Number of protein chains: 2
Amino acid sequence: MASSVTLSDVAREAGVSLATASRAINGSANRTVRPDLRERVLEAAERLRYTPDANAQAMARGRTTSLGLVVHDIADPFFSSIAAGVTQAADRAALQVTLASTQHQPAREVELVRLLQRQRARAIVIAGGRHDDDAGNAAMRDALADFRGAGGAVALVGQPVLGVDTVAVDNAAGADALARALHARGYRHAGVLGGPEDHLTARERREAFTAAFAELGAPVQPAHVVTGEFTHEGGEAAMRELLSAGGDVDVVFAVNDVMALGALAAARDLGVRVPEDVALAGFDDILTLRDVVPPLTTVRVPLVDVGVLATELALEEHTGAARVRTVATEVVLRASTPDRTV
Amino acid sequence: MASSVTLSDVAREAGVSLATASRAINGSANRTVRPDLRERVLEAAERLRYTPDANAQAMARGRTTSLGLVVHDIADPFFSSIAAGVTQAADRAALQVTLASTQHQPAREVELVRLLQRQRARAIVIAGGRHDDDAGNAAMRDALADFRGAGGAVALVGQPVLGVDTVAVDNAAGADALARALHARGYRHAGVLGGPEDHLTARERREAFTAAFAELGAPVQPAHVVTGEFTHEGGEAAMRELLSAGGDVDVVFAVNDVMALGALAAARDLGVRVPEDVALAGFDDILTLRDVVPPLTTVRVPLVDVGVLATELALEEHTGAARVRTVATEVVLRASTPDRTV
DNA sequence: TTGTAGGCGTTATCAC
DNA sequence: GTGATAACGCCTACAA
């Protein structure tokens with residue numbers, strides 16, 4: 001309640017005008033303030049425990065100091081690592097991060113963008129792959145167009161389908177390289193926990209993986225590609241389905257690590273040993289993996305860097321068409337996919 | 001760039017006054033607007049793609065719609081789960097969450113509180129145990145007093161040492177119960193990875209644990225209590241130190257799960273088997289544990305609920321002294337601490 | 001260098 | 001029920 005101290009109070013206390021107080025405290029562009037006056041103002045501010053009102057400053061200046069971050073679930077290590085990168089970069093740019101979570105409801109993304117537009121966020125970073133959903137993408141594109149029309153900047157982590165700057169993980173190359181590495185280790189009967197049918201990240205990884213195996217002469221049987229939510233539970237269910245189908249699968253590729261961990265849990269539950277009975281690989285190299293046994297083969301995505309990059313991309317001045325920054329990945333072979341050729 | 005559409009634009013377009021437009025769009029308290037006029041305004045707003053400016057609204061109304069959340073590291077599963085709870089609760093209260101991270105520098109907390117005060121956040125939730133650091137706590141207490149003096153609400157997750165509403169995990173009871181459970185399973189030679197010396201959460205857990213073992217007639221040897229950072233790396237280093245000391249320890253209690261996971265990694269590295277060679281227990285029951293083998297015994301803290309509770313506590317109107325909400329914990333015995341009595 | 005005054009976009013208090 | 005108009009706290013030409 002206690003009404004805050006305003007700059008006018010400080011000015012009065014210091015015996016100067018509002019303008020001078022403002023300049024003394026904020027060091028206006030070229031205007032400078034006589035040292036003794038500045039001193040008086042600063043002391044008065046200190047004495048009165050004055051705290052500038054960022055909202056009022058934002059109004060007067062015409063721009064805020066906040067950046068919006070949209071994630072699906074902040075407790076998911078994939079998103080929390082990206083968030084760590086975003087907060088780092090935002091911090092360097094002296095921006096506050098407004099965290100908005102869809103709680104796994106894709107439709108809420110549009111809502112959150114509009115919310116962030118009301119806050120007049122300087123920029124919005126959207127984390128998470130897109131869906132093959134024309135209506136959904138169109139709605140999002142509209143919301144983002146409005147936001148940008150009003151002067152906001154946007155960067156997306158995912159696929160460049162929304163007409164905004166995008167940090168795109170090279171999913172295809174990563175999945176392809178992983179498939180070849182697994183093939184080289186002697187695997188010939190791969191199964192895929194493919195994520196949601198229309199999820200572009202899942203699809204890119206799935207298709208590149210199966211294409212590579214096909215090209216290598218060991219095509220993945222259609223029955224060995226099962227879909228499922230992009231979550232721990234989804235991976236668990238998908239793995240159950242795949243294993244109970246009882247095909248001869250020697251390695252399972254889950255399109256992201258969170259699913260792979262769910263799959264690992266399912267295997268444990270069913271008494272299927274990894275990697276003795278079946279090998280397992282994921283994608284992303286989330287932080288959690290350092291604590292998992294057996295160490296999981298995966299394709300590393302520099303998640304924190306991706307967050308930083310997306311933030312920088314959003315904040316960089318630029319004109320012209322939407323830019324796409326492709327992030328390279330790296331296959332990390334671990335014990336969950338031992339060499340079968342020896 | 002493109003100047004946003006303002007409410008005046010909408011009013012003009014609809015042929016009504018600014019006041020009416022405001023009431024039509026925002027449904028003022030008791031003032032009501034004739035249906036046809038309201039319709040006209042809403043249509044105009046739609047046509048012009050009007051988006052209210054939350055900052056301006058905040059100025060006019062005298063209160064913002066944002067809530068600050070202070071964490072040490074959002075990528076740490078402990079904090080990200082609490083953050084999930086906070087965003088949920090904030091969402092229900094129609095508040096935006098501003099995520100502020102200290103990046104593991106305790107001193108930055110004060111800075112962040114002041115920053116959030118500039119944003120005129122309605123409330124601040126601070127996650128993370130306190131330190132036994134009079135100067136640091138005093139600085140924080142001052143910053144929070146200022147914030148509250150200016151009308152802000154605060155809730156802390158940790159120890160009630162800052163004079164603000166606090167959600168306190170019952171660390172002592174949890175550690176005591178864990179110690180007794182381990183003792184009942186036959187463990188008599190406990191070691192403790194005790195976290196930072198002055199970290200109150202670490203201290204509460206450590207002391208309750210050792211006190212219980214002492215009371216049970218199996219005191220933990222001082223040499224078997226080692227300190228270390230409250231992190232994965234800290235747990236790893238502490239475990240190395242403990243194991244290389246070569247004492248006869250049959251169970252190791254790490255004061256939080258993140259440290260326990262670091263300890264597990266260290267044990268693996270040194271060829272020490274868990275639980276065959278040494279049993280291991282942690283505290284918190286972070287989400288990561290579901291993927292760890294062997295399943296880790298721990299003391300469950302309902303982290304998401306804690307986040308929700310802290311947010312609600314901060315948002316509840318109340319007068320009088322700072323309140324303390326104690327959250328109960330629950331010992332969860334798993335395979336990392338098998339029964340030795342059989 | 002300092003001060004005056006207008007404006008940022010809304011809400012809220014008044015009359016009408 | 002509707003419409004002027006003064007706040008809200010600050011910044012910034014513009015003038016002195």
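These values consider heavy atoms only, across backbone and side chains, with no hydrogens, waters or symmetry-generated copies. The model shown is predicted, which means the values in this text are computed figures rather than measured ones.
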Candidate nucleotides [options], ranked by approach to the side chain of [X] - the nearest:
| X | options | answer |
| --- | --- | --- |
| A/Val16 | C/dG3, C/dT10, D/dT2 | C/dG3 |
| B/Thr20 | C/dT1, D/dT12, D/dG3 | D/dG3 |
| B/Leu37 | D/dT12, C/dG9, D/dT2 | D/dT2 |
| A/Ala60 | C/dC8, C/dT2, D/dG3 | C/dC8 |
| A/Ala56 | D/dC10, D/dA13, D/dT2 | D/dC10 |
| A/Ala19 | D/dT12, D/dA4, D/dC10 | D/dT12 |
| B/Leu7 | C/dT13, C/dT10, D/dG9 | C/dT10 |

Think [X] has a side-chain N or O under 4.0 angstrom from the OP1 or OP2 of [N]?
| X | N | answer |
| --- | --- | --- |
| A/Ser22 | D/dC11 | yes |
| A/Gln57 | D/dC11 | yes |
| A/Arg34 | C/dT1 | no |
| B/Ser17 | D/dG3 | yes |
| B/Asn55 | C/dT10 | no |

When the side chains of residues 66-78 of chain A are checked against the rest of the protein, which donor-acceptor pairs come out under 3.5 Å, sequence neighbours left out?
{"residue": "A/His72", "atom": "ND1", "partner": "A/Thr102", "partner atom": "OG1", "Å": "2.9"}
{"residue": "A/Asp73", "atom": "OD1", "partner": "A/Ala75", "partner atom": "N", "Å": "2.9"}
{"residue": "A/Asp73", "atom": "OD2", "partner": "A/His104", "partner atom": "NE2", "Å": "3.3"}
{"residue": "A/Asp76", "atom": "OD1", "partner": "A/Phe78", "partner atom": "N", "Å": "2.7"}

Q. Are any side-chain N or O atoms of A/Thr311 and backbone N or O atoms of A/Gly307, one a donor and one an acceptor, separated by less than 3.5 Å?
A.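 Looks like yes, one N/O pair under 3.5 Å.
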Q. Which residue lies toward the 5' end of DNA chain D, B/Asp36 or B/Met59, if each is placed at its nearest nucleotide?
A. B/Asp36
Q: In whole angstrom, give the distance that lies between atom CG of A/Leu18 and atom P of C/dT1.
A: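 Between P of C/dT1 and CG of A/Leu18: 20 Å.
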Q) Considering all heavy atoms of both residues, which atom of A/Ala100 and which atom of A/Leu112 are nearest to each other, and what is their separation? A) CB-CD1, 3.8 Å
Q.
Going by the rule ring pair (Phe, Tyr, Trp, His ring centres under 6.0 Å), which residues pair with A/Phe147 if we only count those two or more places apart in sequence or in a different chain?
A.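 Here no residue qualifies.
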Q.
Should the side chain of A/Arg120 and the base of C/dG9 be counted as holding a donor-acceptor pair, with the cut-off at 3.5 Å?
A. no
Q) Just checking A/Thr64: base, sugar-phosphate only, or nothing, at a heavy-atom cut-off of under 4.0 Å? A) nothing
Q) Can B/Asp132 and B/His199 be counted as having a side-chain donor-acceptor contact under 3.5 angstrom? A) no
Q.
Is it the case that over 12 heavy atoms from other parts of the model lie below 6.0 angstrom from the CG atom of A/Asp36?
A. yes
Q. Using rotation axes that map the C1' atoms of four end pairs onto the next four (five pairs an end), what angle separates the end axes of the helix from C/dT1-D/dA16 to C/dC16-D/dG1, to 10°?
A.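 Comparing the axis at each end, I get an angle of 40°.
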Q: Salt-bridge test for B/Arg130 and B/Glu109: reply yes if a basic N is under 4.0 Å from a carboxylate O, no otherwise.
A: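 Result for this pair is yes, salt bridge flagged.
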